[in-house]
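Written below as structure tokens is the structure these notes are about.
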There are 2 protein chains.
Amino acid sequence: MVDRKGGPVTLRSIADQLGLHVSTVSRVLNGRDGDGVRAASGDTATRIRRLAAELGYRPDPHGRGLRTGRSELVGVLVPRLSDLVLAMIYEGIDEAAGELGLTTITANTLDDEQVRRQRTRMLLARRVDGLIFGDARLDSGFLDELAADGVRFVLVNRRADGHPSVTPDDRLGGRLAAEHLLGLGHTRVAVIGGEPFASTAVDRTAGFVEYYREHGAGDPVVLRSPFDTAGGRAAAEQALRRPDPPTAIFAVNDFAAIGALGAARDHGLQAGADIAIMGYNDTPLAAELPIPLTSVAVPMHEIGRRALELLTRSLAGEEVRSQRLAPTLVARASTGAG
Amino acid sequence: MVDRKGGPVTLRSIADQLGLHVSTVSRVLNGRDGDGVRAASGDTATRIRRLAAELGYRPDPHGRGLRTGRSELVGVLVPRLSDLVLAMIYEGIDEAAGELGLTTITANTLDDEQVRRQRTRMLLARRVDGLIFGDARLDSGFLDELAADGVRFVLVNRRADGHPSVTPDDRLGGRLAAEHLLGLGHTRVAVIGGEPFASTAVDRTAGFVEYYREHGAGDPVVLRSPFDTAGGRAAAEQALRRPDPPTAIFAVNDFAAIGALGAARDHGLQAGADIAIMGYNDTPLAAELPIPLTSVAVPMHEIGRRALELLTRSLAGEEVRSQRLAPTLVARASTGAG
DNA sequence: CTGAAAGCGCTTACAG
DNA sequence: CTGAAAGCGCTTACAG
């Protein structure tokens with residue numbers, strides 16, 4: 001990106017070396033192939049392209065952005081990037097973005113309303129073309145405000161009413177978990193249901209409970225907890241101390257399930273033999289745990305890709321619709337299967 | 001960021017509303033406090049600042065970047081963001097960047113030389129001010145080339161000769177692990193040593209082996225493996241099938257240690273009773289596993305923060321020096337301690 | 001204390 | 001087929 005004389009490679013430096021005008025160079029280098037109208041004669045175009053390639057010309061995004069009003073930047077907000085599920089979804093988003101020449105900027109919001117607002121402002125100040133929220137809350141009006149301001153965005157992983165999203169079909173996922181555990185004969189079951197403000201938690205729990213009710217298998221005990229391992233452990237502790245402890249636990253998240261595994265062990269129970277424990281998301285760790293964890297697999301990478309694609313279509317002015325991707329059950333030793 | 005008439009808020013729109021010149025507004029809004037020279041009269045400055053705040057003025061980074069040649073963007077390259085260790089380091093980097101008004105852009109390189117080059121070019125095309133590499137390899141000349149081209153960067157987590165870095169003191173960390181296991185009486189030990197191109201793997205292994213030799217406790221068996229759980233499991237399998245299987249295993253990474261935990265279980269061995277297993281990094285999961293994992297704790301967040309600070313000092317033209325942060329041992333049940 | 005000008009690199013509608 | 005101009009929003013050295 002530096003030419004022989006040490007100056008940066010710009011349209012001007014290319015034009016000067018070729019004795020052409022900067023606008024001609026720009027037209028050629030931006031020419032969409034085969035659109036009928038030619039940007040320059042074949043010979044001129046070839047010379048320009050050759051020199052640009054040779055010098056490693058890369059258009060300055062500042063100049064282009066200032067002129068076009070587009071930054072080719074996409075902001076991605078997540079609760080935490082160190083949450084594996086979000087990290088994998090983000091990798092899908094970033095991969096798809098890269099293929100379209102877009103760059104992503106990510107920000108942690110810690111599921112905190114103030115941080116979310118502050119980070120969104122920061123991203124908007126950077127002039128992102130659009131946003132992807134991985135931290136939508138069912139109990140917040142923030143997204144409605146943003147939409148009213150004309151900000152373009154889509155949601156990923158967690159849905160919220162009235163906004164386009166790409167998520168797992170979590171109700172179905174909850175039903176798959178219930179089908180698995182009820183199929184194994186468990187009628188005294190507990191759900192570690194996550195946080196009530198997240199659609200993932202609510203939908204997975206609802207699908208699970210719904211299935212048990214439909215089959216006349218009674219009402220599962222539902223416990224709320226943070227999505228992490230410590231939260232799962234505490235909730236499982238609580239369930240196991242009941243007078244009628246469950247014989248099976250469904251955690252709406254693998255990390256919470258790992259916590260439940262620990263709690264079971266503390267109670268002298270071996271997962272897969274004395275108690276069935278399962279998670280959700282099928283993170284890479286699930287298969288590799290000392291006692292492999294039954295889980296509901298979700299195409300996280302693909303969900304991320306689709307979210308980015310949905311956003312670009314929305315930015316292009318298209319009306320877009322939410323997408324639910326189907327999960328699948330993966331049975332392993334922690335429920336005595338696999 | 002949109003004024004009453006719907007147009008964007010710019011220096012010009014503020015200047016016009018106040019009957020001032022755009023340069024005056026710029027001077028005031030960029031005025032470093034108390035630098036002697038005043039950008040405008042107190043009254044004018046107040047009126048400008050008030051209106052800017054009221055309208056939510058945010059300077060357009062395209063305009064500013066075009067003019068100043070600085071983007072206020074920092075590129076961060078890591079093997080994978082879905083690796084928890086890198087995700088936590090990245091969170092530290094991003095936090096420190098935010099405090100300085102910088103924005104980070106991250107990219108996965110998958111520890112692949114071609115991807116690394118391609119992603120670096122992409123970041124440079126975005127005109128980042130500097131780069132942070134979390135994926136340095138001991139066997140690559142790529143960083144030397146970049147430095148020769150005048151690109152500014154620092155390394156994080158993994159070091160490489162001749163370039164400034166912020167890393168754990170991994171040789172010391174390896175020694176701490178050895179001290180712990182030898183202190184428990186283990187003389188037949190195996191090291192799951194990771195990949196030979198990463199300084200983390202090499203230094204941790206070297207520190208461990210060095211300690212055993214210094215104490216006349218013999219030579220540990222050293223196995224190479226990928227840094228993930230599957231790799232750790234395979235390496236542990238190999239160690240346990242030896243005619244003289246180890247009584248203790250040190251994995252240079254928690255995820256590999258979790259794999260070793262699984263392999264031990266397959267062999268009917270209970271970690272902490274029949275065999276001692278420990279990891280490195282003390283990721284949040286370590287404390288929460290069914291059998292809590294002994295590990296060497298590393299200040300990942302702080303390492304990230306320091307790397308960003310080192311880069312900004314380097315960008316300011318300062319000569320910078322590498323930093324090694326001290327790790328600490330955390331003894332838990334997996335080695336029969338804790 | 002404030003204004004005016006120049007120019008960073010780019011794209012685009014227009015002229016010839 | 002190619003050139004010339006305008007202008008996106010900003011900062012900065014200079015003039016008054």
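Only heavy atoms go into these numbers, but all of them, side chains included; no hydrogens, no water, no symmetry mates. Chain letters run A, B, ... following the sequence lines, proteins first, then strands; residues in each count from 1.
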Notebook entry, point to check: Taking NZ, NE, NH1 and NH2 as the nitrogens, is one of them in A:R117 or A:E113 under 4.0 Å from a carboxylate oxygen of the other?
Noted result: yes
Next item on the list: May I ask you to say what B:S26 touches in the nucleic acid, namely base, sugar-phosphate or nothing, with a heavy-atom cut-off under 4.0 Å?
Entry: base
Checklist line | Atom-pair distance (CG on A:L11; P on D:dA6), nearest Å | finding: 19 Å
Check: Whole Å only: how far is the CZ atom of B:R70 from the P atom of C:dG9?
Finding: 15 Å
Notebook entry, point to check: Which pairs with one or both residues in residues 7-19 of chain A pass salt bridge (Lys or Arg N to Asp or Glu O under 4.0 Å), sequence neighbours excluded?
Noted result: A:R12-A:D16
Note to self: Between P on D:dT11 and CZ on B:R12, what's the gap in Å once rounded to a whole number?
What the structure shows: 14 Å
Note to self: Which residues in residues 59-67 of chain A have a heavy atom closer than 4.0 Å to any atom of DNA chain D?
What the structure shows: A:L66, A:R67
Check: Under 30°, 30 to 60°, or over 60°: which ring-plane class applies to B:F133 and B:F153, parallel, tilted or perpendicular?
Finding: perpendicular
Check: Residues two or more places apart in sequence or in another chain: which of them pass salt bridge (charged side-chain N to carboxylate O under 4.0 Å, His left out) with B:R137?
Finding: B:D139
Check: Does D:dT2 have OP1 or OP2 sitting under 4.0 Å from an N or O in the side chain of A:T44?
Finding: yes
Check: Which whole-number value in Å describes the distance from B:L18 CG to C:dC1 C1'?
Finding: 15 Å
Next item on the list: Would you please name every residue forming a salt bridge (charged side-chain N to carboxylate O under 4.0 Å, His left out) with A:D149, sequence neighbours left out?
Entry: none
Next item on the list: Let me know the distance between CZ of B:R58 and C1' of D:dC10, rounded to the nearest Å.
Entry: 16 Å
Margin query: Once side-chain hydrogen bond (donor to acceptor under 3.5 Å, both in side chains) is applied, do any residues pair with A:T104, and if so which ones, sequence neighbours excluded?
Written below: A:Y90, A:D94
Item checked: Residues which pass side-chain hydrogen bond (donor to acceptor under 3.5 Å, both in side chains) with A:T312, listed by chain and number, not counting sequence neighbours -> none
Please list each protein N or O that sits under 3.5 Å from an N or O in nucleotides 13-16 of chain D, with the distance.
none

Next item on the list: Output all residues satisfying salt bridge (charged side-chain N to carboxylate O under 4.0 Å, His left out) with A:R80, sequence neighbours left out; order by chain, then residue number.
Entry: B:E91
Notebook entry, point to check: Can you list the residues that meet the side chain to side chain contact (heavy atoms under 4.5 Å, CB included) rule with A:L138, with sequence neighbours excluded?
Noted result: A:R159, A:S199, A:V202
Checklist line | Nearest-Å distance for atom pair OH/P, residues A:Y57 and C:dG9 | finding: 10 Å
Note to self: Strictly below 4.0 Å: does A:T24 bring a side-chain N or O up to OP1 or OP2 of D:dG3?
What the structure shows: yes
Margin query: Rounding to an integer number of Å, can you tell me how far B:H21 NE2 sits from D:dT11 C1'?
Written below: 12 Å
Item checked: Under the salt bridge (charged side-chain N to carboxylate O under 4.0 Å, His left out) test, residues paired with A:E319 that sit two or more places apart -> none
Next item on the list: Scan for salt bridge (Lys or Arg N to Asp or Glu O under 4.0 Å) pairs involving residues 98-111 of chain A, sequence neighbours excluded, and state none if there are none.
Entry: A:E99-A:R305, A:D111-A:R116, A:D111-A:R158
Check: Can you tell me which stems DNA chain C forms when a stem means 3 or more consecutive Watson-Crick or G-U pairs under 3.5 Å?
Finding: C:1-3 with D:14-16, C:5-12 with D:5-12, C:14-16 with D:1-3
Next item on the list: Report the distance from atom CG of B:L20 to atom C1' of C:dC1, rounded to the nearest whole Å.
Entry: 11 Å
